[in-house]
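All ligand and atom numbering here is 1-based and tracks the order in the structure. Quick note: residue numbers are just sequence positions, from 1.
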Amino acid sequence: MPAMIPFNRPCLSGREMEYMRAAVENGHSSAKGPYTTQVQDLLRSKLNAKDVLLTTSCTDALEMAAMLIDLEPGDVVIVPSFTFSSTATAFARQGAKVRFCDIRMPDLGLDPEHVESSMDDKVKAIVTVHYAGVASDVRRLRSIADRYGVPLIEDNAHGLFADHGGQQLGSFGRMSTLSFHETKNFICGEGGALVLNDEGDRGRAHILLDKGTNRRQFLEGQTDKYTWQGHGSSFGLSDLLAAFLLAQLESAPEIMAKRRNVHQTYMQLLEPHASHLNLGLPYQHPGDTPADHMFYVLLPSAGIRANVITEMRHHDVNPTFHYVPLHSAPGAIELSDRLQPCPVTDDVSSRLLRLPMSNDLQAADQERVVSALVEAVEANSVTAV
Ligand SMILES: Cc1ncc(COP(=O)(O)O)c(C=O)c1O
């Protein structure tokens with residue numbers, strides 16, 4: 001029997017264990033150690049950022065972002081409905097209400113038209129997600145945010161090292177966040193980063209990460225002791241995990257090339273079937289460097305997805321659905337300031353199917369995935385007619 005093709009398979013790039021051993025042996029495995037510094041320097045220079053702080057997750061980086069923009073009760077933050085719960089919860093935890101906006105075809109990013117018509121004086125920030133590492137209309141969103149004098153924040157959990165029109169994703173907003181969760185392109189189990197593009201946020205961001213203290217100033221010799229300054233938490237990533245992550249990031253060109261290859265192979269295998277099966281294939285902006293974070297298809301109808309998943313699993317292939325819309329989820333009743341329709345989110349969310357994706361996925365396995373998909377869609381489309 002063929003082995004199950006898992007949805008995701010975390011891949012080592014080579015030096016992870018060596019670096020982790022060194023992190024233990026050099027006696028600094030807690031946050032802000034030497035590997036953390038190397039990773040932060042690498043990311044800062046690649047992203048042309050003012051500062052990068054490694055965090056325990058993208059969720060934590062989003063929480064820090066929400067703390068940095070000083071939200072007050074009654075404030076509203078615009079968030080796409082088609083995203084992970086953390087994108088919304090981070091801002092709701094700071095007392096704001098979330099206003100969900102729709103996404104648009106074909107990039108599945110936040111719809112600037114809907115954002116524009118949802119703006120009022122309560123809105124204190126706009127948060128955009130670059131779904132699958134494909135840029136949302138970040139320039140237009142930035143110009144709306146600037147016109148209203150509110151920050152744009154990029155939840156860039158999927159898009160590290162992708163660019164849009166030659167500019168790195170994550171560098172358009174006042175700040176952006178990254179994820180190094182085991183399902184992402186670059187991993188360390190659980191991890192994230194807050195990317196600061198505004199010098200003015202650096203001081204407070206370090207206090208937030210250092211449990212509310214000015215420990216950074218102490219470590220840099222600017223004060224003889226460190227003291228409690230205010231809000232903060234234990235947001236810093238262990239240096240053990242930063243060591244693992246450094247090995248991954250040093251292999252970024254190879255990892256990105258492998259993912260590009262997997263993406264292109266799926267496209268070549270699926271293009272001949274897309275039209276007669278009425279399958280939507282993933283969109284990428286021409287000329288952009290993509291992150292190739294995931295490969296999804298849009299099925300012809302929502303009604304067949306559960307059967308397609310079950311039948312593909314019978315062929316030892318494990319696809320999965322993705323975000324359940326936030327605007328109609330139970331959490332929205334309490335945490336959203338008003339419930340507005342998001343029809344594109346509803347439609348995409350009900351038809352989207354993510355195919356197995358990992359750096360080392362082999363072409364022969366991709367052929368198995370595609371033939372299981374084609375067979376299942378054909379069988380169910382016939383039943384549906
Ligand atoms: C868009 C988006 N933001 C944030 C997160 C949360 O990331 P983490 O698991 O690193 O907290 C996810 C998780 O996949 C995500 O898809």
Side-chain angles (χ1 to χ4, degrees), residues 7-8 10 31 39 43 52-67 77-94 98 100-103 107-111 125-136 138 141 152-162 169-170 172-173 175-195 209 233-238 241-242 244-245 248-249 282 290-296 320-327 329 331 335 342 345 348-349 352 354 357-358:
F7 171 65
N8 172 58
V39 171
L43 289 173
V52 174
L53 285 81
L54 286 190
T55 58
T56 54
S57 62
C58 183
T59 302
D60 271 1
L62 286 163
E63 288 186 8
M64 289 178 70
M67 292 168 95
V77 175
I78 290 200
V79 171
S81 174
F82 189 62
T83 183
F84 194 66
S85 55
S86 303
T87 321
T89 316
F91 297 89
R93 271 171 65 91
Q94 289 308 111
V98 181
F100 291 109
C101 283
D102 209 353
I103 53 168
D107 57 31
L108 311 189
L110 190 56
D111 179 0
I126 300 171
V127 186
T128 189
V129 171
H130 305 300
Y131 185 70
V134 173
S136 58
V138 70
L141 292 166
L152 174 72
I153 297 170
E154 297 172 76
D155 176 344
N156 194 26
H158 304 171
L160 179 56
F161 302 141
L169 294 189
F172 290 86
M175 53 193 110
S176 63
T177 60
L178 294 168
S179 175
F180 303 114
H181 181 266
E182 68 165 0
T183 51
K184 300 301 185 296
N185 294 11
F186 305 97
I187 59 171
C188 65
E190 295 270 2
L194 177 65
V195 178
L209 185 122
S233 192
S234 186
F235 286 124
L237 185 73
S238 156
L241 296 178
F244 190 103
L245 183 57
Q248 292 264 309
L249 294 175
D292 297 313
H293 171 52
M294 62 178 91
F295 195 97
Y296 64 83
T320 185
F321 56 90
H322 209 188
Y323 308 130
V324 177
L326 296 182
H327 71 282
L335 301 178
C342 297
T345 298
V348 165
S349 166
L352 188 140
R354 298 167 74 192
M357 180 82 186
S358 47

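- Between Tyr323 and Phe84, the ring planes are tilted. Angles from 30° to 60° get that label.
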Ligand 1: which protein N/O atoms lie under 3.5 Å from its N/O atoms?
unit_1: ligand 1; atom_1: 3 (N); unit_2: Asp155; atom_2: OD1; d: 3.2
unit_1: ligand 1; atom_1: 3 (N); unit_2: Asp155; atom_2: OD2; d: 2.7
unit_1: ligand 1; atom_1: 10 (O); unit_2: Cys58; atom_2: N; d: 2.9
unit_1: ligand 1; atom_1: 10 (O); unit_2: Ser179; atom_2: OG; d: 2.8
unit_1: ligand 1; atom_1: 11 (O); unit_2: Cys58; atom_2: N; d: 3.4
unit_1: ligand 1; atom_1: 11 (O); unit_2: Thr59; atom_2: N; d: 2.9
unit_1: ligand 1; atom_1: 11 (O); unit_2: Thr59; atom_2: OG1; d: 2.5
unit_1: ligand 1; atom_1: 14 (O); unit_2: Lys184; atom_2: NZ; d: 2.8
unit_1: ligand 1; atom_1: 16 (O); unit_2: His158; atom_2: NE2; d: 2.9
unit_1: ligand 1; atom_1: 16 (O); unit_2: Tyr323; atom_2: OH; d: 2.6

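- Aromatic ring pairs are classed by plane angle as parallel below 30°, tilted from 30° to 60° and perpendicular above 60°; the pair Phe186 and Phe161 is perpendicular.
- In this structure, a donor-acceptor pair under 3.5 Å is absent between the side chains of Asn156 and His130.
- Side-chain contact check for Thr128 versus Phe172: every heavy-atom pair is 4.5 Å or farther apart.
- A donor-acceptor pair shorter than 3.5 Å can be found between the side chains of Thr345 and Asp102.
- Qualifying side-chain contact (heavy atoms from CB on, under 4.5 Å) partners for Asp155, counting only residues two or more places apart in sequence or in other chains: Cys58, Leu62, Thr83, Thr87, Val127, Val129, Ala157, Thr177.
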